[in-house]
Amino acid sequence: GVFGGGSGWAGPPAISCALLVLLLPAPLRAQDAPDDAQQLASAMQAAVTRGVRWLSNQQKPEGHWVYDNRPLQLSSYPMQSGVTALCALALIKCGVSPEEETVRKAFEAIHREGFKFTYEVGCILLALEAKAHYDPQRKVIQPPGQEGFVTRERGGKKKKKKKKKARLDPRDLALAKACVEWLVDHQRDTGLWRYSAGSDEDVSNAQYALLGLDAAERLGVSVPKSVYVKAARRLVEIQHPVLDADKDAKLDPFPVPGADRSFRALKKIEAQLLKELKKVDRRFRKLGEDERDRDGYTRAERVATVERKAAERIRSGERRPMVPRGWQYFAPGSGGSAWQRTVTGSLTCSALASLFICKARLEGNSAYRGDLPERVDQALRDGAAWLALHFEVKRNPGAPMHQLYYLYGLERAGVLGLVHRFGKHAWYDEGTRHLLRQQRSNGSWLGTGSTSGPVPDTCFALLFLSRGTTPVVRIPGRVMTGTGR
């Protein structure tokens with residue numbers, strides 16, 4: 001695909017003044033990715049600040065972004081609305097308000113230009129959902145293992161979290177409904193999607209279609225359950241058999257919570273965790289951060305105990321067998337170029353994210369029955385096993401290009417499935433440190449072999465660092481990493 005398979009981009013005006021809220025000291029030099037959590041947080045924030053500034057400066061006066069169609073020269077798929085939506089999504093997820101001129105002009109361009117292709121429609125829905133749920137209080141950048149539920153105002157007072165409702169004006173809502181209708185109409189009978197009309201399909205376009213539909217549901221736009229059933233069946237069906245090179249590989253089973261448990265069970269753990277954390281807050285309401293309660297414990301120690309128990313519940317259960325099986329661009333046996341018939345990290349991540357979405361949207365529905373739930377869970381474990389066996393952050397496993405498209409895919413698979421480690425690899429920690437080293441002096445990123453140039457690659461890097469994917473279940477990073485406060 002173009003956003004995951006080949007083009008590049010460019011443009012002008014100056015960053016607006018409200019973006020100065022993001023400004024921090026210049027990032028550490030690439031080779032100096034720090035170990036200290038506070039230094040790492042500062043380096044990440046500075047990298048995001050510079051990336052946001054560079055990306056904003058590439059916007060055309062009319063409000064859109066453009067790309068150079070490199071390296072695959074897919075001139076028949078311009079997708080100007082798609083890249084504009086991708087940029088708007090990245091900026092919002094990095095803390096730029098939808099009221100900012102840069103983002104406001106981006107949405108004006110999207111409404112003006114419309115859409116023609118699956119990637120565009122998926123990105124537009126993601127951007128609309130990010131706009132509707134923008135939260136100025138959200139902590140965007142926190143180092144691996146440090147983020148949690150408890151947020152504070154500047155003065156240190158506890159902030160009561162309110163569930164935010166989606167805010168879309170009538171024109172945005174009409175666009176979201178049109179996008180959903182388009183995606184439902186363009187789903188192939190076999191279950192997946194391609195760029196537009198036709199009979200063929202691919203895993204990359206399918207990922208963006210399902211990400212978009214999932215975002216639409218969070219906006220209150222319903223999607224027929226049959227869409228998810230068809231997609232899930234097809235993705236399970238076209239998972240590649242074990243590669244000859246992987247048949248003798250030794251891989252210890254590891255937790256894949258989004259496959260090992262139902263999302264309903266994981267949400268119960270989330271609710272219980274929140275309840276216990278509120279109890280801790282009440283216990284220490286009149287005590288200082290470092291004061292001890294009547295049993296001799298500090299607030300941090302109480303929180304660590306609560307989170308450790310939640311982590312044990314999430315990871316508990318029998319470790320089921322997993323076999324390394326990934327996905328390729330086209331279904332096995334359907335032809336295509338050599339790269340379209342090769343199992344890769346980016347496409348395995350695409351399929352994993354898609355299946356996690358399908359499972360989350362179908363659980364508890366009568367349409368999700370028979371052997372499909374079990375087959376989906378096994379496909380998810382096996383796909384995670386393939387990523388663990390072939391794990392990389394410096395390149396896209398199995399492919400000479402699309403490195404940052406792959407890293408953003410890794411973020412989606414990890415967040416949606418609550419997978420902290422693929423085998424022995426802490427994906428967010430390793431990916432973050434590599435991105436800090438890889439950022440260019442002007443603030444942009446350009447992946448190994450590129451994807452479609454520095455504009456989309458910078459978006460992918462920013463979305464990785466800000467953990468731009470909306471999770472199905474919100475569990476603090478400390479719980480998943482085992483890191484103390």
Side-chain angles (χ1 to χ4, degrees), residues 1-4 9 19 22 44-45 47-56 58 65 67 82-96 98 102-103 106 119-120 122-131 133-135 138-144 147 204 207-208 210-212 214-215 218 345-346 349-350 352-354 356-357 393 396 402-417 427-436 438-439 443-447 450-471 477:
V2 168
F3 294 156
W9 334 37
L19 295 186
L22 290 171
M44 291 167 68
Q45 180 67 75
V48 168
T49 297
R50 296 172 69 237
V52 163
R53 183 190 296 118
W54 182 88
L55 187 63
S56 299
Q58 308 312 304
W65 281 260
Y67 63 92
V83 66
T84 301
L86 182 66
C87 291
L89 172 67
L91 292 174
I92 293 170
K93 290 293 185 177
C94 288
V96 181
T102 308
V103 179
Y119 285 112
E120 286 189 307
C123 286
I124 288 170
L125 284 168
L126 286 167
L128 286 171
E129 194 265 337
K131 176 184 179 183
H133 290 110
Y134 171 73
D135 180 1
R138 178 174 177 257
K139 273 193 172 181
V140 177
I141 300 303
Q142 296 186 32
E147 77 288 353
S204 183
Q207 170 187 217
Y208 276 84
L210 287 163
L211 285 165
D214 186 50
R218 290 192 295 277
S346 57
C349 290
S350 296
L352 287 175
S354 298
F356 281 127
I357 289 169
V393 293
N396 177 11
H402 312 330
Q403 175 225 356
L404 295 181
Y405 167 75
Y406 152 68
L407 277 185
Y408 178 35
L410 192 65
E411 183 268 348
R412 286 193 293 264
V415 167
L416 292 171
W427 61 268
Y428 186 63
D429 184 78
E430 293 186 37
T432 292
R433 293 175 187 280
H434 182 69
L435 285 174
L436 293 180
Q438 193 178 5
Q439 189 175 27
S444 69
W445 279 269
L446 188 66
S450 185
T451 292
S452 36
V455 167
D457 275 0
T458 298
C459 290
F460 296 144
L462 291 172
L463 287 165
F464 182 99
L465 290 172
S466 64
R467 271 174 291 212
T469 299
T470 302

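Start at 1 with the first residue, then count along the sequence.
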Full working for side-chain contact (heavy atoms from CB on, under 4.5 Å) between Ile92 and Val103: CA-CA 8 Å; Ile92 293 170; Val103 179; 3.9 Å; yes
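- Of all heavy-atom pairs between Gln207 and Ser350, the closest is NE2-OG, 2.8 Å.
- Partners of Phe464 under the ring-ring contact (aromatic ring centres under 6.0 Å, His included) rule, at least two apart in sequence or in another chain, are Trp427, Tyr428.
- Stacking of Arg412 on the aromatic ring of Tyr208 is recorded, both the 6.0 Å distance cut-off and the 45° axial limit being met.
- There is a side-chain donor-acceptor pair under 3.5 Å between Thr469 and Glu411.
- Among residues two or more places apart in sequence or in another chain, the side chain to side chain contact (heavy atoms under 4.5 Å, CB included) test is passed with Ala85 by Ile110, Cys123, Ile124, Ala127.
- Looking at heavy atoms from C-beta onward, Pro456 lies out of side-chain contact with Tyr405 at the 4.5 angstrom threshold.
- Here Ala106 pairs with Gln59, Trp65, Thr84, Ala88 under the side chain to side chain contact (heavy atoms under 4.5 Å, CB included) rule; sequence neighbours left out.
- Contact check for Gln439 versus Leu435: no side-chain heavy atoms found under the 4.5 Å cut-off.
- Minimum interatomic distance between Leu210 and Ser354 (heavy atoms only, all atoms of both residues): CD1-CB, 3.5 Å.
- Remark: Leu352 CG to Ile357 CD1 distance equals 11.0 Å, nearest 0.5 Å.
- Listed by chain and residue number, His133, Arg218 satisfy the side-chain hydrogen bond (donor to acceptor under 3.5 Å, both in side chains) test with Glu129 (two or more places apart in sequence, or in another chain).
- Distance check, rounded to the nearest 0.5 Å: CG of Asp214 to CG of Leu125 gives 10.5 Å.
- You'll find the side chain of Leu91 reaches within 4.5 Å of the side chain of Ser56, heavy atoms only.
- For Cys459, the side chain to side chain contact (heavy atoms under 4.5 Å, CB included) partners two or more places apart in sequence, or in a different chain, are Leu55, Leu86, Cys87, Ala90.
- Partners of Asn396 by side-chain hydrogen bond (donor to acceptor under 3.5 Å, both in side chains), not counting sequence neighbours, listed by chain and number: Ser346.
- The minimum heavy-atom distance between Phe356 and Ala413, with the atom names listed, is CE1-O, 3.7 Å.
- When side chains are defined from C-beta on, Cys349 counts as touching Tyr406, because their heavy atoms get closer than 4.5 Å.
- Between Gln403 and His434, some side-chain heavy-atom pair lies under the 4.5 Å cut-off.
- Applying the side-chain hydrogen bond (donor to acceptor under 3.5 Å, both in side chains) test to Ser444 and every residue at least two apart in sequence or in another chain returns Arg440, Asn442.
- Among residues two or more places apart in sequence or in another chain, the side chain to side chain contact (heavy atoms under 4.5 Å, CB included) test is passed with Leu126 by Leu89, Leu211, Ala215.
- Residues satisfying the ring-ring contact (aromatic ring centres under 6.0 Å, His included) criterion with Tyr408, sequence neighbours excluded, are Phe460.
- Here the side chains of Val455 and Trp54 are in contact, with some heavy-atom distance below 4.5 Å.
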